[in-house]
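Following: one structure in structure tokens, then a few remarks.
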Amino acid sequence: MLGRNQPSKGHALAVRAFAGAARAGERLVLGERQHSGRGLARLASELGIGDRIHWIGALPQKDVIALMQSAQALLQPSLAEGFGMPVLEAMACGCPVIASDIPPLREVLGEAGAYVRPGESTELGRALRQVGDDAVLREQMRGRGLERARLFSWDRAARDTLEVYREAAAAGPHR
């Protein structure tokens, strides 16, 4: 997981899912976090996985890429998102994505990842176990994610935005 610890990001859901589904030796990495945050370390300890969670701060881009390329999956159990940049970055790195089934993440992920109902740590755990246990599925998700990520670029975003502005200007003032 990458990102700030906000309730809408679902970090506690990920900790619960990991506790229920991860195999011995697997680790949960919470990235772009300087420390464990209020309640998450306590929750991890209560669930008996405190020593299997790694809290890391912001990383240079090359290290984020290496982390994503070596991960079994990115968990994005958000309850709300504006866009879902970590999902796009994970796909571009060939990292399978397990995400909440919410419109912004569907828009980015398309059919390239696995979806779970928002707020469902049990479903998230099942998806994590399935992706972790099935190497063929992971490779399929990697391939679909790489293909999907190619659809996004800053140049395309700029062109699309310019087109929207042109259409708005051509429509004239609205009263």
Side-chain angles (χ1 to χ4, degrees), residues 1-19 21-45 49-100 102 104-110 112-116 124 127-128 131-132 135 137-161:
M1 293 191 64
L2 295 175
R4 295 188 323 212
N5 183 19
Q6 299 173 325
S8 65
K9 298 296 183 185
H11 291 171
L13 290 166
V15 169
R16 284 187 184 93
F18 180 81
R23 300 214 184 277
E26 291 177 334
R27 307 269 186 244
L28 178 64
V29 177
L30 294 167
E32 298 192 18
R33 303 288 312 282
Q34 291 299 329
H35 13 95
S36 59
R38 289 186 216 121
L40 288 178
R42 186 175 339 112
L43 175 62
S45 180
I49 59 166
D51 61 336
R52 295 176 58 203
I53 295 184
H54 295 278
W55 317 93
I56 59 175
L59 297 172
Q61 188 66 27
K62 67 179 180 58
D63 293 342
V64 171
I65 291 169
L67 180 64
M68 294 277 197
Q69 289 174 335
S70 64
Q72 275 191 1
L74 172 78
L75 301 179
Q76 191 73 30
S78 301
L79 302 174
E81 279 292 340
F83 177 74
M85 189 62 80
V87 168
L88 180 55
E89 290 173 340
M91 289 189 302
C93 292
C95 180
V97 177
I98 302 168
S100 292
I102 60 175
L105 296 181
R106 259 213 187 266
E107 182 179 344
V108 175
L109 192 55
Y115 291 100
V116 298
L124 184 62
L128 178 61
V131 171
L137 175 61
R138 276 194 315 277
E139 284 307 309
Q140 290 171 343
M141 291 174 74
R142 285 182 213 282
R144 287 192 309 257
L146 287 165
E147 186 177 318
R148 177 80 180 165
R150 288 187 198 103
L151 298 175
F152 296 86
S153 74
W154 288 114
D155 288 341
R156 181 177 174 193
R159 282 192 307 272
D160 290 350
T161 302

* Quick one: pull up CG in L88 and CG in L105 and give me the separation to the nearest 0.5 Å. => 11.5 Å
* Structure fact -> By side-chain contact (heavy atoms from CB on, under 4.5 Å), D51 pairs with (sequence neighbours left out) none
* To do: Please name the pair of heavy atoms, one in A90 and one in V97, separated by the smallest distance, quoted to 0.1 Å.
  => CB-CG2, 3.8 Å
* To do: Measure the shortest side-chain to side-chain distance between M91 and L109 over non-hydrogen atoms and say whether it is less than 4.5 angstrom.
  => yes
* Are the side chain of S100 and the backbone N or O of S78 linked by a donor-acceptor pair below 3.5 Å? -> yes
* Looking only at heavy atoms, which two atoms of F18 and E26 are closest? And how far apart? -> CZ-O, 3.3 Å
* Side chain proximity check, I102 to L79, heavy atoms < 4.5 angstrom -> no
* Structure fact -> Correct closest heavy-atom pair for L74 and M68 would be CD1-CE, 4.3 Å
* Structure fact -> Value for CZ (R142) from CG (L137), rounded to nearest 0.5 Å, stands at 10.0 Å
* To do: Report yes if some heavy atom in the side chain of R16 is under 4.5 Å from a heavy atom in the side chain of L43; otherwise report no.
  => yes
* Would you say R52's side chain and L28's backbone share a donor-acceptor pair under 3.5 angstrom? -> no
* **Contact summary for Q69 and C93, nearest pair of heavy atoms** => CG-O, 3.2 Å
* **Atom pair CD1/CZ of I53 and R27 - distance to nearest 0.5 Å** => 10.5 Å
* Structure fact -> When rounded to the nearest 0.5 Å, the distance separating CZ of R144 from CG of L146 is 11.5 Å
* Asked: Below 4.5 Å, heavy atoms only, C-beta onward: do Q61 and I65 meet side chain to side chain?
  -> yes
* Of all the heavy-atom pairs spanning A71 and C95, show the shortest one and how long it is. => CB-SG, 4.0 Å
* Partners passing salt bridge (charged side-chain N to carboxylate O under 4.0 Å, His left out) against E147 (at least two apart in sequence or in another chain) -> none
* **Sub-4.5 Å side-chain heavy-atom contact between L151 and R156** => yes
* Asked: Can you tell me how far the CZ atom of F152 sits from the CD atom of E89, to the nearest 0.5 Å?
  -> 12.5 Å
* Considering the options L13, L124, L75, which one meets the side-chain contact (heavy atoms from CB on, under 4.5 Å) requirement together with V116? -> L124
* Say whether, by atom type as modelled, one donor and one acceptor occur between the side chain of R138 and the main chain of Q72 under 3.5 angstrom. => no
* Taking the side chain as every heavy atom from C-beta outward, state whether I56 and L67 have any atom pair closer than 4.5 Å. => yes
* Check: E81 and K9 side chains under 4.5 Å, non-hydrogen atoms -> yes
